[in-house]
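As the structure is a computational prediction, the values presented were derived from the model and not from experiment. The sequence lines fix the lettering, A, B, ..., with proteins before strands; numbering per chain opens at 1.
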Amino acid sequence: MHMGSGIVMIPWSDLPKELVERIGKFLDTHIDVLRFRAVCTTWRSSLPPFKNSPPLPLKIPFPLLNLNPDTAKPEFYHLIDSTVYLFQPPDGAAPTANSSCKGWLIKVIKTADGKLRVLNPLTDRLIKDLPDNMPKVLNLLDFRVSQVCKSYHVQSLNNSRLSYGDYDVGYVRKILLLTNHAESETNNFSIMAIDRGDSLYYINLGDEKWTRLKNASCFIVDIIVYKGNFYAVDRYGETIKFDNSFNETNVASRLSYGGRKKRLVESCGQLFLVDTILGVDKNTNAACPDWNIVEIKMYRLDEEQHEWIEVVTLGDRILFACNDCCFSVSSHDFDDCRGNCIYYVNGWEYYDDESDDDLGCGCCCGFNDDDNRPTIGDDMTYNSSVSDDDHKIYDFDSKSGDDAIRSSISYDNHKINDSSSKSGLVHGYEGLFDQNTCVFNVEDGKLGSLLSFLEYAEILWPPPYWLTRQDQAHSDSHEITEP
Amino acid sequence: MASSTTGEKKILTLKGGDNEEFILEESLVLQSELLKNMVKEERVSSIPLPSIKSKTLVKIIEYLKKHAELTPSNKEEFKNFEKEFVNVVLEELLDITVAVNYLKINGLLEFCCQAVADRIKDKSVEAVRKIFRIESDFTPEEESEFRKETPEAFEGDLDDTTN
């Protein structure tokens, strides 16, 4: 009855701190937490810095299948991660005549030594030919940046120079991390991987070695984490769901027709299968060795019917069927860029015809011998014995510790490209795209190299106009900063 | 205002910020920890809530009614209702969230906070500050430190950076 007198309207700037905390804890990606904490001091103190769980890099036993467990010395590799980000211009940015694409996708990989590198999300190639007018620093406060997907890689602990066999896809076709938040406070997690022989393995927190899933098909071609569970598909389309204890449930039977390379992609909460069908060599009747994909089919999982249902349109969705990570975006994120298409990569390997030099700049390089490199523990368990320094890039600048607000991604080894002298449009895409980076237009059924469909390339390259600043002084090192 | 009853059901009056009155069954407001305590301990029959706009109160009462009707069979329907419930302009959603926090309606509060978090997820820091009418209160020392490291970090209006 007399409650009212003392109550005043609450302006949002004075949101009760407990409410700010409640809102903040629903943010589950690093980038969202970074931004939240950059708003003001109250918000900053309402939410602790984002912690990868488990912290990466994570030591994992390697190889997956130890043929001589008694004699061979146990070896370890690092599990590292990469993130695909969608950059968009700030809210309310005025459209200009040269505005072409309003979204830009990049992938940032964090190697075990804490270095961040910018990759093409489709090919995983290091982006090193940056235009002169690219800003020296990309401030994440100035753009709308959202996390699209995370993928995982393995990196050798000790070699300073990469040989092909040590590169992650050499042994591991794909590796995924699944954190079981709900299980307990201790952040239980599991890792699943496909090895070079298309076999499936898993390891749980606390395990000393990998377990091969013997009942699974020997020809696993892709795995995904979908709605909190691992799913695996074999080359025939048969799809299995694994529960927390890795018990199998068949969720889709094999397809009557299809190719051997299949990719699982989640789009709008549904699971899709992208099947690429190779052309056949007329003389030998064998699949063309050059990955001459002639047809792409798409399916949607019908969880009740236990079937893949063919779909003929993706609507406004754009699927990315890559080798190490698959994801989807909406064409609305890019404004006038076309939806209803699939970006895909021919072949298995990232670096089909790259020179050694390019390999050295690839996604899992950059582990030059460095004194502060994490050391290998003697214990056989793969605990997360990583020094705090390894997280400093993401956990704000070391200078002022937790209270600093920036961090940066630097692209070192970056060379200035001759293409800025307009030596040719296609030339500007060299290295980023080759004959193996392709797009499939679902609408008209056309497919082929991105080099033949440059209008589809612009969500990846070149960087959009609103990212580049004419007033930026040319610099040898580019950075992306995070709040 | 005297306490009134119709049959077994107790009736309660809630008074919104602009003095509009809402008469509802007492059992409905028991979902709010705040109102429950007031009803139980003080035995009031009319509760003034001057900090809550009537428009917001209408929405919250709508939720309380729907939630009271929730059964295992209409679970799906209720989920859709919840989805629509937070599908309002951000300003209104924030009004509701603040009110729900004040009233301590726990289930709805979690749902609203999730909805607010989803809404601010892809926005730039500057846009979030505008929405919440928050001025950055980092010290000039902090900001100059940032600026030294990353020159254009805090400079200028947000829109200037796109040209």
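- Contact annotation: the side chain of Leu19(A) approaches that of Cys113(B) to within less than 4.5 Å [non-hydrogen atoms, C-beta and beyond].
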Stepwise, does the side-chain contact (heavy atoms from CB on, under 4.5 Å) test hold for Phe132(B) with Val39(A)?
CA-CA 10 Å; Phe132(B) 288 87; Val39(A) 171; over 6 Å; no
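- Comment: Lys25(A) engages Glu110(B) in a salt bridge, judged by a side-chain N to carboxylate O separation of less than 4.0 angstrom.
- Put simply, the side chain of Val125(B) does not reach to within 4.5 Å of the side chain of Phe36(A), judged on heavy atoms.
- The two residues Phe138(B) and Arg37(A) come nearest to each other via the heavy atoms CZ-O, 3.7 Å.
- The environment of NZ in Lys17(A) is crowded: more than 12 heavy-atom neighbours from other residues, nucleotides or ligands sit within 6.0 Å.
- If you take CG on Leu15(A) and CG on Asn101(B), they are separated by 8.5 Å, rounding to the nearest 0.5 Å.
- Here the CG-CD1 distance, from Asp32(A) to Ile120(B), works out to 8.0 Å after rounding to the nearest 0.5 Å.
- Arg129(B) CZ to Cys40(A) SG: the interatomic distance, rounded to the nearest 0.5 Å, is 8.0 Å.
- Atom NZ of Lys104(B) is surrounded by 12 or fewer heavy atoms from other residues, nucleotides or ligands within 6.0 Å.
- Proximity of Arg22(A) to Gln114(B): side-chain heavy atoms (C-beta onward) are nowhere separated by under 4.5 Å.
- Side-chain atoms of Asp137(B) come within 3.5 Å of backbone N or O of Thr41(A) as a donor-acceptor pair.
- Contact check for Phe26(A) versus Lys121(B): no side-chain heavy atoms found under the 4.5 Å cut-off.
- Heavy atoms of Gln147(A) lying under 4.5 Å from chain B are absent altogether.
- How far CD1 of Ile23(A) is from CG of Asp118(B): 11.0 Å, rounded to the nearest 0.5 Å.
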